[in-house]
Amino acid sequence: MDKILIDLLFMSQKRRDLMLLLRNGGKTLEEIVDILDVTPTGMLPQIKKLKEEFLVLQDDKEYRLTPLAEVLVEKMKPLLDILGVIEEHKDFWQERDLSGLPPAFLERLNELEPYSLVNPDPNKIFETPAVFLENVEKSKNILHLSSIFHPVFPETFLRTENNDVEITLIVTKKIYERLKNDFKKELKFYLTQEKKRLFVCADEIKIAMLTKTEHFMMADFLTWKGAYDQERVISFEPAPLKWAEDLILHYKEQAQEIKG
């Protein structure tokens with residue numbers, strides 16, 4: 001893309017906001033300044049620049065996107081949404097190793113909005129976060145993906161006696177071997193229950209842990225150094241829950257189920 005167009009699209013918040021606004025239809029100057037909470041004197045020079053590059057046209061009193069601008073904005077919106085996700089907690093995302101995420105899910109990273117971060121409590125570094133346990137305990141349908149061993153396995157998942165709760169675990173071979181060797185009794189009990197399922201994924205998983213229930217999702221990503229620092233993404237909104245569910249099911253399709 002021409003550098004002039006790149007600068008026009010990304011170097012001005014006012015221009016970005018205007019083009020995203022006009023994506024939904026033409027607007028008068030009065031509507032623009034009211035919706036975007038700007039002044040006419042601040043917005044008119046930006047409109048002039050967009051008109052000069054044939055990205056915005058004026059139809060009587062309304063400003064509209066040109067067909068070219070409509071294409072550009074449609075491509076620009078997902079990128080801006082992803083940038084919004086990252087910029088909210090830039091240091092966190094810059095440290096995460098997302099190389100193991102399938103490209104389709106990287107492209108959908110904007111769906112994690114809205115979310116927040118759960119930071120580890122220095123006084124409870126070896127304990128499962130309370131917010132995780134509270135939401136898991138009230139859930140009836142649990143999907144969980146993991147590439148690291150965590151006490152949540154024997155303490156929360158394997159020992160549950162509630163036959164109404166559906167649990168699907170997808171783990172790596174290493175975790176499965178540890179469960180077989182160190183938690184043989186708990187694993188056998190888990191697998192004898194009708195609504196409890198276990199899948200073993202032969203491929204490498206670079207996500208530390210990913211949990212989705214009908215109430216929330218929580219994601220633990222490894223750092224670029226392969227460390228697990230217990231800083232987590234959490235959300236209770238439909239879009240992030242859908243993203244997490246689709247990603248877990250993606251790995252489930254590649255895994256082999258273990259029968260009791």
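These values consider heavy atoms only, across backbone and side chains, with no hydrogens, waters or symmetry-generated copies.
Summarising the geometry, atom NZ belonging to K90 is positioned 11.0 Å from atom CG belonging to L83; distances are rounded to the nearest 0.5 Å. With rounding to the nearest 0.5 angstrom, the CG atom of L80 is 6.0 Å from the CZ atom of R16. Separation of atoms CG (D59) and OG1 (T28) is listed at 12.5 Å; rounding is to 0.5 Å.
Heavy-atom contacts from other residues, nucleotides or ligands closer than 6.0 Å to CG of N24 number more than 12. Residue-environment remark: CD (E194) stays at or below the threshold of 12 foreign heavy atoms within 6.0 Å. For K140, the NZ atom sits in a packed shell: over 12 heavy atoms of surrounding residues, nucleotides or ligands are nearer than 6.0 Å. Dense packing is recorded around OH of Y228, with more than 12 heavy atoms of other residues, nucleotides or ligands lying under 6.0 Å away. In this structure, Q256 places its CD atom where only 12 or fewer heavy-atom neighbours from other residues, nucleotides or ligands lie under 6.0 Å away.
Between K180 and E177 there is a salt bridge, with a side-chain nitrogen of the basic residue lying less than 4.0 Å from a carboxylate oxygen of the acidic one. Using a 4.0 Å cut-off between charged side-chain N and carboxylate O, E186 and K184 make no salt bridge. Using a 4.0 Å cut-off between a side-chain N of Lys or Arg and a carboxylate O of Asp or Glu, R23 and E74 qualify as a salt bridge. Classification of R96 and D91 as a salt-bridged pair fails, no side-chain N sitting under 4.0 Å from a carboxylate O. Using a 4.0 Å cut-off between charged side-chain N and carboxylate O, R64 and E62 make a salt bridge. Under the 4.0 Å criterion applied to side-chain N and carboxylate O atoms, K48 and E52 are assigned as salt-bridge partners.
Across L112 and P240, no two heavy atoms sit closer than the pair O-CG, 3.4 Å. Here the closest non-hydrogen pair linking P40 and V33 is N-CG1, 3.8 Å. Annotation for A208 and L222: closest pair CB-CD2, 3.8 Å, computed over non-hydrogen atoms.
Under the 4.5 Å side-chain criterion, counting only non-hydrogen atoms from C-beta, L117 is not in contact with I234. Residues T213 and N141 have side chains not in contact (no heavy-atom distance under 4.5 Å, counting atoms from C-beta outward). Residues L143 and E166 have side chains not in contact (no heavy-atom distance under 4.5 Å, counting atoms from C-beta outward). Residues E88 and E113 meet the side-chain proximity criterion, which asks for heavy atoms closer than 4.5 Å. Taking 4.5 Å as the limit, some side-chain heavy atom of L158 sits within range of a side-chain heavy atom of L179. The side-chain heavy atoms of H144 and T168, taken from C-beta on, include no pair separated by under 4.5 Å. Within the 4.5 Å cutoff, no side-chain heavy atoms of T211 are placed close to those of M217. With contacts defined as side-chain heavy-atom distances shorter than 4.5 Å, the pair D246/K242 qualifies.
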side-chain contact (heavy atoms from CB on, under 4.5 Å) for W93 and V233? Distances and angles first, verdict last.
CA-CA 10 Å; W93 289 109; V233 172; 4.1 Å; yes

Query raised in the report: Which is it for M218 and V131 under the side-chain contact (heavy atoms from CB on, under 4.5 Å) test, yes or no, and what are the steps along the way?
Result: CA-CA 10 Å; M218 183 176 280; V131 65; 3.8 Å; yes

Under 3.5 Å, side-chain donor or acceptor atoms of residues 98-107 against the rest of the protein: list the pairs with distances, not counting sequence neighbours.
{"from": "S99", "atom 1": "OG", "to": "D97", "atom 2": "OD1", "distance (Å)": "2.6"}
{"from": "S99", "atom 1": "OG", "to": "K206", "atom 2": "NZ", "distance (Å)": "3.0"}

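Taking the six-membered ring for Trp, F216 and Y115 have ring centres at least 6.0 Å apart.
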